[in-house]
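Here is the structure we will look at.
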Amino acid sequence: MKTVSTKLKQVRISLSSLSRPYSPTPLASHAKPRNPSSSALLNEFVNFCYQRDLPRAMKAMAAMERHGLYADSITYSELIKCCLARNAVEQGRLVHKHVSSNGYQPKTFLLNILVNMYVKFKLLQEAQDVFDQMPERNVVSWTTMISAYANAGLSDKALEFFVLMLREGVLPNMFTFSSVLRACNGISHLRQLHSGMIKVGLESDVFVRSALIDVYSKLDELRDAICVFDEMETKDLVVWNSIIGGLAQNSDGDEALNQFKRMKRAGFTADQSTLTSVLRACTGLALLEVGRQVHVHVLKFDVDLILNNALLDMYCKSGSLEDAKSLFELMVHKDVISWSTMIAGLAQNGFSQEALKLFDLMKASGTKPNYITIIGVLFACSHAGLVDDGMFYFRSMKRLYGIDPGREHYGCVIDLLGRAGKLDEAMSLVQEMECEPDAVTWRTLLGACRVHRNVDLAIYAAKKILQLDPADAGTYVLLSNIYANSQRWEDVTEIRRQMREKGITKEPGCSWIEVNKQIHAFILGDTAHPKINIINRRLNQLIHKLMGIGYVPDTNFVLQDLEGEQRDDSLWYHSEKLAIVFGLMSLSSGSAIRIRKNLRICGDCHTFAKLVAKMECRLIVIRDPVRYHHFQNGVCSCGDYW
DNA sequence: ATAGGGTTAG
């Protein structure tokens, strides 16, 4: 509708300018008197412009100028639209030359269009040059530049221009605010702008609102984002997408899905952007069945790379590699994100060799790896114990791909060396890092100490973690257990005292399982699930049956207890065991049991799951915060190396 | 003439 009415308006303008005797605006002093062919020439020029026939339009313009006839701002702007539609940079520059060699000073209107043209061609410097030479700059001129810098990620520049604009006494409008909002990189700037907008009464515009929601949530201020959203009486699709996206990106998948339901009840239809965020929410919650449902809706749209990438990630993170692989095969267009997602997905699910093979294919396909791709590659090496390969990729990433190793890359290699028992080398890598090691780095080293029972280094790493992240309950518990194991009771008491003092409590182990698109949560020691009694009975039967085929519950996991779950026989009721039993009870016998956990799996549950998978002929997939375990026929895809 | 929402790791 909108395009049609715009077109009609344009036609009217051209007709009206042709019906009157044509006079260029302003009159060029050297203009020759009109001759009969002039109006025909202009007519031709305008038509070529509307047909987006750039070469002919350019020729027509040259012919007109030979007759001393000059286009006006509106016809020039049509010609520039032509150049933009054809992505014709050189012709655009030529038009610019014509405009400024016309012998008159072009109007602000036309100069704004030229600035915008250079912005669209991503020639910011040229845009800036035109802007600088303008005798007058209005709100559109300023907004064009602010938006250009904000889009290019040059936030400081955008904010600087906003201030300059105010200083020159030009009043911002809602276009300006929605542009400058995107350049806010600190919460104080944002609040300042927000209150400024309220003062001038522009904060209720939907564009401004969606930008506000987006920026608040990108700055981790979800409460403010929700506040802005709730205050709105009339919302449009983009506003809904902003809040759903904000929630999904801040790992509040539950709430994102709730808002999605509300959006549909309000009568809106999801588009690609909505579905991408919904998929991201499913990914975080490992909701494979809901994700599949979304996939059906995805098929209604034209191929959309971002949406396909989100879908691919959902299948990987829900542990359904078969779906991920077949989608990846079907995708005709793949970008660096598609490849990186698939590589990391294979690696996290325990298929490291396949991940590395895919990395070779990626390079062969001509796609350049980025920072994140290499993280996936190194992750694959560390989780398969491929020390030599990992070290090679790490040491050559700068030379081969021009990527400087960052904290995450170091983390993978520290993990790689640490797991392989090379704790000294891992430690020297920590010292080699040019960026400061953070809590995650030390936790990686601590993980290696746990596996290789290095108590001294474990204590050292744990202390480092607590300096950087004093509220990390898991580390307190681990440290206390290490001391207990070495009979250092005074230290144990001290740790417990610190925990009490700081009010630090252990996060309980929790597992989730999706049955009939419903999530069931199991928390250690929690009896809220309606079927908990029968689940406990079945679990006991199962444990005794497994003991008959050689299962010995392993309570000695002092250096493993990242669980925060207790050391006595409560490990018999670890949340993943409850979820497995519930899965056996409620899912049809052929289907896989997929579980998501908030904490890493312990050694005992790992053994348990392997045996259950074998005895019950089931595929069991458990996703923990770091990686996945596929249990089948008595073995796990991690090769007992995690 | 100028403006808003979506994908990989951690």
Side-chain angles (χ1 to χ4, degrees), chain A residues 73-74 76-77 80-81 107-117 119-120 137-148 150-151 165 172-182 202 205-215 217-218 235-246 248-249 251 256 270-281 283 304-314 316-317 334-345 347-348 369-379 406-409 411-412 438-441 443-444 625-626:
Chain A
S73 296
I74 291 171
Y76 271 130
S77 80
I80 291 170
K81 272 187 208 158
K107 288 179 177 172
T108 306
F109 170 83
L110 184 53
L111 289 171
N112 281 342
I113 290 171
L114 279 166
V115 174
N116 186 247
M117 176 189 82
V119 169
K120 295 254 167 73
R137 300 173 194 95
N138 61 16
V139 60
V140 177
S141 336
W142 285 101
T143 304
T144 306
M145 290 312 295
I146 291 170
S147 153
N151 283 332
M165 165 184 181
N173 60 17
M174 50 258 221
F175 289 76
T176 323
F177 278 120
S178 40
S179 302
V180 76
L181 275 173
R182 292 161 49 75
L202 287 176
D205 178 71
V206 273
F207 280 71
V208 172
R209 288 263 168 166
S210 54
L212 272 172
I213 293 168
D214 189 47
V215 181
S217 48
K218 292 223 161 82
K235 304 172 168 91
D236 69 0
L237 183 61
V238 176
V239 173
W240 281 103
N241 286 349
S242 304
I243 197 73
I244 294 170
Q249 283 157 44
S251 43
D271 68 359
Q272 291 99 317
S273 184
T274 326
L275 294 183
T276 305
S277 296
V278 170
L279 280 171
R280 179 156 173 166
T283 305
D304 183 312
L305 183 57
I306 296 179
L307 190 43
N308 268 337
N309 286 344
L311 200 50
L312 189 64
D313 193 41
M314 186 276 295
C316 286
K317 296 271 189 336
K334 300 182 179 84
D335 66 357
V336 60
I337 295 183
S338 330
W339 288 99
S340 308
T341 304
M342 197 64 224
I343 290 170
Q348 288 165 330
N370 67 14
Y371 188 94
I372 295 170
T373 320
I374 307 297
I375 296 175
V377 170
L378 293 174
F379 187 99
R407 211 176 255 138
E408 295 92 339
H409 300 109
C412 286
D438 64 359
V440 178
T441 314
R443 231 173 264 137
T444 306
V626 182

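Every heavy atom of this structure was used, including side-chain atoms; hydrogens, water molecules and symmetry mates were not. Note that the structure is predicted; figures quoted are calculated from it, not measured. Every chain is numbered from 1, with letters handed out A, B, ... down the list of sequences.
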Could you check which of [options] has an atom nearest any side-chain atom of [X]?
| X | options | result |
| --- | --- | --- |
| A:Ile113 | B:dA1, B:dA9, B:dG4 | B:dA1 |
| A:Lys317 | B:dA9, B:dA3, B:dG6 | B:dA9 |
| A:Met174 | B:dA3, B:dG10, B:dT7 | B:dA3 |
| A:Ile372 | B:dT8, B:dA3, B:dG6 | B:dT8 |
| A:Asn309 | B:dT2, B:dT7, B:dT8 | B:dT7 |
| A:Asp313 | B:dT8, B:dG6, B:dG4 | B:dT8 |
| A:Phe109 | B:dT7, B:dA1, B:dA3 | B:dA1 |
| A:Asp205 | B:dA3, B:dT8, B:dG6 | B:dA3 |
| A:Gln348 | B:dG4, B:dG6, B:dA9 | B:dA9 |
| A:Ser210 | B:dG4, B:dA9, B:dT8 | B:dG4 |

Does any N or O donor sit under 3.5 Å from an N or O acceptor when you compare the side chain of [X] with the base of [N]?
| X | N | value |
| --- | --- | --- |
| A:Asn138 | B:dA1 | yes |
| A:Asp304 | B:dG6 | yes |
| A:Thr144 | B:dT2 | no |
| A:Ser178 | B:dA3 | yes |

Notebook entry, point to check: Under the ring pair (Phe, Tyr, Trp, His ring centres under 6.0 Å) test, which residues partner A:Phe109, sequence neighbours left out?
Noted result: none
Round to the nearest Å and state the distance from [X] atom [atom1] to [N] atom [atom2].
| X | N | atom1 | atom2 | result |
| --- | --- | --- | --- | --- |
| A:Arg182 | B:dG4 | CZ | C1' | 8 Å |
| A:Leu378 | B:dA9 | CG | P | 15 Å |
| A:His409 | B:dT8 | NE2 | C1' | 12 Å |
| A:Ile243 | B:dG6 | CD1 | P | 12 Å |
| A:Leu275 | B:dG6 | CG | C1' | 10 Å |
| A:Asn370 | B:dT8 | CG | P | 12 Å |
| A:Lys120 | B:dA3 | NZ | P | 6 Å |
| A:Ile337 | B:dA9 | CD1 | P | 10 Å |

Please work out if [X] contacts a base, only the sugar-phosphate, or nothing of the nucleic acid, heavy-atom cut-off 4.0 Å.
| X | answer |
| --- | --- |
| A:Asn308 | nothing |
| A:Lys218 | sugar-phosphate |
| A:Val208 | nothing |
| A:Val239 | base |
| A:Ile146 | nothing |
| A:Ser273 | base |
| A:Leu237 | base |

Check: Quick one: is B:dT8 close enough that its OP1 or OP2 comes under 4.0 Å of any side-chain N or O from A:Arg280?
Finding: yes
Notebook entry, point to check: Taking only N and O in the side chain of A:Ser277, is any of them less than 4.0 Å away from OP1 or OP2 of B:dG6?
Noted result: no
Check: Are A:Ser210 and A:Ser242 linked by a side-chain donor-acceptor pair shorter than 3.5 Å?
Finding: no
Check: Should the pair A:Asp205-A:Arg209 be classified as a salt bridge under the 4.0 Å nitrogen-to-oxygen rule?
Finding: no
Check: Of the options A:Thr143, A:Thr144, A:Asn138, which is the one that meets A:Ser141 in a side chain to side chain donor-acceptor pair (under 3.5 Å)?
Finding: A:Asn138
Margin query: If I compare all heavy atoms of A:Leu181 with all of A:Val215, which pair ends up nearest, and what's the gap?
Written below: O-CG2, 3.3 Å
Note to self: Show the nearest heavy-atom pair for residues A:Ile74 and A:Ser77, with the distance to one decimal.
What the structure shows: O-OG, 2.8 Å
Item checked: Partners meeting side chain to side chain contact (heavy atoms under 4.5 Å, CB included) with A:Asp438 (sequence neighbours left out) -> A:Arg407, A:Val440, A:Thr441
